[in-house]
Amino acid sequence: MFLALLLALAVPSLSHGTGKCGSEEVAFDNPNPQAAFLASVPSPPLEIVPLVVSGPSSNRVDLVFFSDGYLAEERDKFIEDASRLADDVSNNQTFHTVKPLMNFWAAFTPSKESGVGVGGTPKDTVFGLYRDGTELRGVYYAKPEVAAAACESLGMQCDYPILMGNDPLYGGLGGRFTVITPSTANGALVLRHELGHSIINVGEEYDGGFGYFGPNAYTNLSEPIPWSHWLSEPSHARVERSVMPMQDYPWSLLNTSVPWTVTFESSGAYARHVVRFSLSGVPQGADLRVDLDGADLGWVPRPNIGVDRWHYDVHRNGGLSAGTHTLSFTLLNAARQPAAQICNAEILEFGDESEFVSTPGH
Ligand SMILES: *[C@@H]1O[C@H](CO)[C@@H](O)[C@H](O)[C@H]1NC(C)=O
Ligand SMILES: *[C@@H]1O[C@H](CO)[C@@H](O)[C@H](O)[C@H]1NC(C)=O
Ligand SMILES: *[C@@H]1O[C@H](CO)[C@@H](O)[C@H](O)[C@H]1NC(C)=O
């Protein structure tokens, strides 16, 4: 939802979804929730709780968190989770400047089972949220008609429905219904990202996916830059020198017998590089070693990440030599085997500072 070219350097990529084009994608089935089909089923009972309210729904943009996989006795947890996320996106940069135009509500319905489904099978919950496998990626919904009915029953109080699955780990989906989890590490990040798809129809923020389009993308240099009005000096805009020689989304479980490795070719023509990857199920630095051409990259997990997913960028000065290189992930702790996963890995190479300005603000 920002400038994709710059974001690629600044912020870890994320996302997930239905498109399986080698990367993580998002469902663009119908990005405009207001065009949702008419509800064919009755709405579930909803307890509406105001979270951040700035004025009457008749002239505000209303975002509603709907509960999925929260039992009756988990009602307070749902309100706390929704409240934390509403505060985060409305107090921080994303929606802060438009906060006076927005309302955030929580709509609670108890589910019969707690949590979200895995392996493609929903639990007995209000909207039937589930993961495809166990990997921390897309979270899908089995009951769009129930979600449509719930949102419609609120009339103008529901412009953008957000289905929140009661699971502490990374996951989400954009589209007609924004889907998130209340992961403390990733929930707000995923919510921002998915609302970008849902509200203003921006494409992905990372390289390699089919969804690289929208108001933040610039793909034809013969055309004017669509976001030049955001630039302080539009006439100074130029293409920065960088290349991505490798990107892989293995979603592979790690074991202590054989490291997971990927090889790639570098042209040897760049001054700097970044090793980018995301992992889940590896809470300790001693659990895993990440090497590039046999050199330990000194990976340390984000503090308190537990088994949740997190994206890492290892910036390295100095160019890669021309020829073949090997990136490897060696699991050191056998006790992590059932859950330790390499989600994705990527190499980016950059020119020197005269060819690729890396200072904040660019
Ligand atoms: C977002 O805002 C909340 C307060 O509402 C704060 O606790 C949190 O650290 C902020 N997050 C970021 C990434 O700035
Ligand atoms: C790029 O834009 C130019 C100018 O509008 C147009 O003529 C050309 O067809 C475009 N190229 C592609 C590949 O879309
Ligand atoms: C261990 O991991 C390697 C690398 O991902 C894989 O090729 C191999 O099949 C795995 N072995 C087992 C027993 O899962």
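Since this is a predicted model, take the numbers as computed values, not measurements. Atoms within a ligand are numbered from 1 in the order they appear, just like the ligands themselves. Sequence positions, counted from 1, serve as the residue numbers for this chain.
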(request) Output yes when the distance from some N or O of ligand 2 to some N or O of S222 is under 3.5 Å, and no in every other case. (result) no

(request) Step through it carefully: locate the ring centre of Y141, locate the ring centre of F177, and say whether they are under 6.0 Å apart. (result) yes

(message) Is the distance from the ring center of W299 to that of Y312 below 6.0 Å?
(response) yes

(request) Not counting sequence neighbours, list each pair that qualifies as a ring pair (Phe, Tyr, Trp, His ring centres under 6.0 Å) and has a residue in residues 319-340. (result) W260-F329, F264-H325, F277-F329

(message) Under 4.0 Å between a side-chain nitrogen and a carboxylate oxygen: does that hold for E240 and R238?
(response) yes

(request) Identify, with sequence neighbours excluded, every residue that meets ring-ring contact (aromatic ring centres under 6.0 Å, His included) alongside F104. (result) none

(request) Under 4.0 Å from a heavy atom of N220: give me the atoms of ligand 2 that qualify, with their elements. (result) 1 (C), 2 (O), 3 (C), 8 (C), 10 (C), 11 (N), 12 (C), 14 (O)

(message) Side-chain heavy atoms under 4.5 Å apart, restricted to Ile/Leu/Val/Met/Phe/Trp/Tyr: what other residues fall into the cluster of Y270, or is it alone?
(response) V243

(request) For ligand 3, would you mind listing the residues that have at least one heavy atom less than 4.0 Å away, ordered by chain and number? (result) S252, N255, V258, P259, W260

(message) Does atom CG (N304) have a neighbourhood of more than 12 heavy atoms from anything else shown, all under 6.0 Å?
(response) no

